[in-house]
J.: 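The structure is given below, and queries will be raised subsequently.
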Amino acid sequence: MVNEKWLERIPADGPFYLFQGCFINHNYPGIEAATRFILDKLKVKYFVSEDQSCCGLPEFGTLANPLILTCLVGRNMDVMQKYAPYVLTPCNGCYSAFHTSATLMKDPEVATKTGEVLGKLGRKYSHMKIIHFADFIYKRLEDIAVKSVKVLGGLKMAVHYGCHYFLFEEEGLDSRENPSFAEEIIDRLGGEHVNYTAKDECCGFGMIQQVVHKNMAYAITEEKINSILNAGAEAILVICPYCLNVLDKNQKVLKDIELIEKAIPVIHISQLVALVLGASPDKMGFEKHSVDVKPFLDSIEERKMEFKGWSATEVASSLK
Amino acid sequence: MDKVSVLLTSRWNWKLLEEAKKWGIERPEECLSCGACVGACPAARTSSYNFRKVVRDVMLGNEEKVLSSREIWYCFYCFYCTSKCPSKVEIPYFIMRLRRMAIERGYGGDILRVVISTSINLMERGVSVLPSDYDRMSPASAEESMVRLRESLGLPPVMRVSEKAMEELKTIFKETGFEDEVERIRSGKWPFKGISEKY
């Protein structure tokens, strides 16, 4: 069930501050290109600034140091609020950094120290609303469908939302219990979503586990992929670059050692929407993906124009 | 393990529990030991990790045992447990809090050393992930190839953080103790104690 209250609160036309995340910028620039393409196509105004730094989540996730996260999030929000009232991000990591920071700030000790450090910079901890780019896409889905020039020719796709999308309780479009908004997006754009048993499971990244306990991380990806393959999916849709990296690269390894039968393309929601809006596949940064995306690209078809004429009875009844 | 003591709040070690409850983490002591978290947990399926044992040991004050163990380093930080927990205990935050307590007592060095690169990148460039982190290339050629790719996509060169912002970040690194901690982990000078594999 889509959270209607949150949907209403998403500003359809911006303006937004587009958060610059290091993982997208330095590993999957195609996601950034696709995101900017969509915003331009929908004529939405957005800002970026070189005064913004990393979100700070990787440092909290590894060193468990609360202050580095609250200070970076607080500082970034102070920078960004001068540009726009809402922050937009296509990364679950950057998205959840804001939630984690808000939780940590509930501790008076952390809040005081954060205030002190930011005070030395002449800044203060200001609260901003963060919106996931997937939420924005859902908000503008009808416009996207109308403006689209391509369709997913019945491609069977499985959605992996990623754990950190669900951290906010009252914000975000869906809860972890059977989310469905990304499936609606697939269906609306001419694809066919498939459900699978391990939908709400982790991709295997595990914050540090992909590095520290590799065997555990691969075992979790293997479970996830096998569940997706059993459901008959031909591609995986993600809304987070970290999930994309893990599901894509780990699939390649798991396929090589024959723990999974085949490897299927992993696509970020920004890339998918940009493609149906007419972006060139050469500009989506697919060269950074390990699993060949050709089967996915091959299933994309030109959108057939549909004209509906009115019959005499329809005209008559509409005049009544 | 004393399974009865955990039911008697009078036997709990409140000092350790209160320390572990900082950061706005709500009610770890409300754990019913029902196991819903363990059923959902990816770490529980792939290692010996069992959150119920961890929280029980914190309640009973088995400080050394918990903080010196590998057990607290298995969590995937995926929050699947919290979504299943009838008491809505924010288990991953609680585990992060225990990791912080362990680090402050000198544990976890071997683990931190392999994940320190994002922190070093942050100190040097203001960003956590660089092109070379995920490509088997030298930092210079990885960055060059990323700049070329970004240009071909019509994007500006790699993400830069302005000099003014870097100055501010340096103050943050110093004042939060982050810089000092990263330097000590990087140089290996921190007198880290080994962690216990048995739990």
Side-chain angles (χ1 to χ4, degrees), chain A residues 20 22-23 25-27 29-30 32-33 36 50-54 58-68 71-72 75 79 103-107 109-110 113 116-117 120-121 123 163-164 166-167 176-177 200-202 204 206-209 211-213 215-216 219-220 245 283 285 287-288, chain B residues 22-25 42-43 45-47 73-80 83 90 93 96-97 99-100 103 111-112 114-116 118-119 121-122 126-131 133-135 146 149-150 152-155 158-162 164-166 168-169 171-173 175-178 181-182 185:
Chain A
Q20 298 295 293
C22 54
F23 200 60
N25 264 264
H26 287 156
N27 279 284
E32 188 189 345
R36 287 176 185 247
E50 289 194 349
D51 287 335
Q52 178 226 308
S53 74
C54 173
E59 288 66 35
F60 177 71
T62 51
L63 296 180
N65 182 336
L67 292 171
I68 192 67
C71 288
L72 289 190
R75 189 193 157 278
V79 168
T103 303
L104 295 170
M105 287 292 279
K106 283 195 259 173
D107 180 352
E109 232 175 89
V110 173
K113 183 74 185 160
E116 274 173 30
V117 176
K120 286 197 174 157
L121 313 174
R123 295 190 182 276
C163 308
H164 298 157
F166 301 111
L167 285 188
R176 201 163 183 154
E177 299 288 325
D200 40 8
E201 300 264 359
C202 172
M207 195 59 101
I208 58 169
Q209 308 311 352
V211 180
V212 176
H213 300 113
N215 51 343
M216 291 165 63
I220 295 304
N245 179 275
K283 302 281 183 193
E287 47 270 71
K288 296 294 283 182
Chain B
K22 284 183 180 178
W23 296 0
I25 296 158
R45 285 207 294 286
T46 50
S47 73
W73 297 94
Y74 285 135
C75 169
F76 273 60
Y77 198 71
C78 75
F79 293 83
Y80 201 13
S83 77
E90 292 177 313
Y93 287 147
M96 291 308 265
R97 177 70 200 142
R99 285 185 190 172
R100 168 88 332 228
I103 293 168
I111 287 165
L112 294 176
V114 297
V115 292
I116 198 67
T118 57
S119 299
N121 293 344
L122 182 71
V127 294
S128 299
V129 178
L130 291 176
D133 292 337
Y134 283 80
D135 275 323
M146 184 50 63
L149 173 59
R150 288 181 60 90
S152 77
L153 302 179
L155 293 170
V158 285
M159 182 178 171
R160 295 245 178 260
V161 175
S162 70
K164 181 179 158 275
M166 273 316 289
E168 291 188 22
L169 292 183
T171 308
I172 292 177
F173 300 152
E175 295 291 325
T176 56
F178 176 72
E181 213 162 80
V182 173
I185 295 165

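In what follows, chains are A, B, ... by sequence order, proteins preceding strands, each numbered from 1. These numbers come from a predicted model, not from an experiment.
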J.: Quick one: what part of B:Leu155 sits under 4.5 Å from any heavy atom of chain A, side chain, backbone, both or neither?
T.: side chain

J.: Please look at B:Ile172 and chain A and tell me whether the side chain, the backbone, both or neither of the residue comes under 4.5 angstrom of a heavy atom of that chain.
T.: both

J.: Pick one of side chain, backbone, both or neither for A:Asn215, based on which atoms fall under 4.5 Å of a heavy atom in chain B.
T.: neither

J.: With chain A as the partner, which of B:Arg99, B:Glu181, B:Met96 has the greatest number of non-hydrogen pairs under 4.5 Å?
T.: B:Met96

J.: Taking all non-hydrogen atoms of both residues into account, name the closest pair between A:Ala64 and B:Arg100 and its distance.
T.: O-NE, 2.9 Å

J.: Non-hydrogen atoms of chain B under 4.5 Å away: do they reach the side chain of A:Gln209, the backbone, both or neither?
T.: side chain

J.: Chain A: which of B:Asp133, B:Leu122, B:Ile185 shares the most heavy-atom pairs with it under 4.5 Å?
T.: B:Leu122

J.: Angle between ring planes, B:Phe79 versus A:His164, binned at 30° and 60°: parallel, tilted or perpendicular?
T.: perpendicular

J.: Where does the angle between the aromatic ring planes of B:Tyr74 and A:His213 fall among parallel (under 30°), tilted (30 to 60°) and perpendicular (over 60°)?
T.: tilted

J.: Which region of A:Lys283, side chain (C-beta onward) or backbone (N, CA, C, O), has a non-hydrogen atom less than 4.5 Å from a non-hydrogen atom of chain B, or is it both or neither?
T.: both

J.: Does any backbone or side-chain atom of B:Leu153 lie under 4.5 Å from a heavy atom of chain A? Answer side chain, backbone, both or neither.
T.: both

J.: Of the backbone (N, CA, C, O) and the side chain (C-beta and beyond), which part of B:Lys164 lies under 4.5 Å from a heavy atom of chain A, both, or neither?
T.: side chain

J.: Where on A:Glu116 is there a heavy atom nearer than 4.5 Å to chain B: the side chain, the backbone, both, or neither?
T.: neither

J.: Which one, A:Glu287, A:Lys106, A:Arg176, A:Lys288, leads in non-hydrogen pairs under 4.5 Å with chain B?
T.: A:Arg176

J.: Go through B:Arg160, B:Met166, B:Met146 and name the one with the most non-hydrogen pairs under 4.5 angstrom from chain A.
T.: B:Met146

J.: Are any side-chain N or O atoms of B:Arg45 and backbone N or O atoms of A:Ile220, one a donor and one an acceptor, separated by less than 3.5 Å?
T.: no

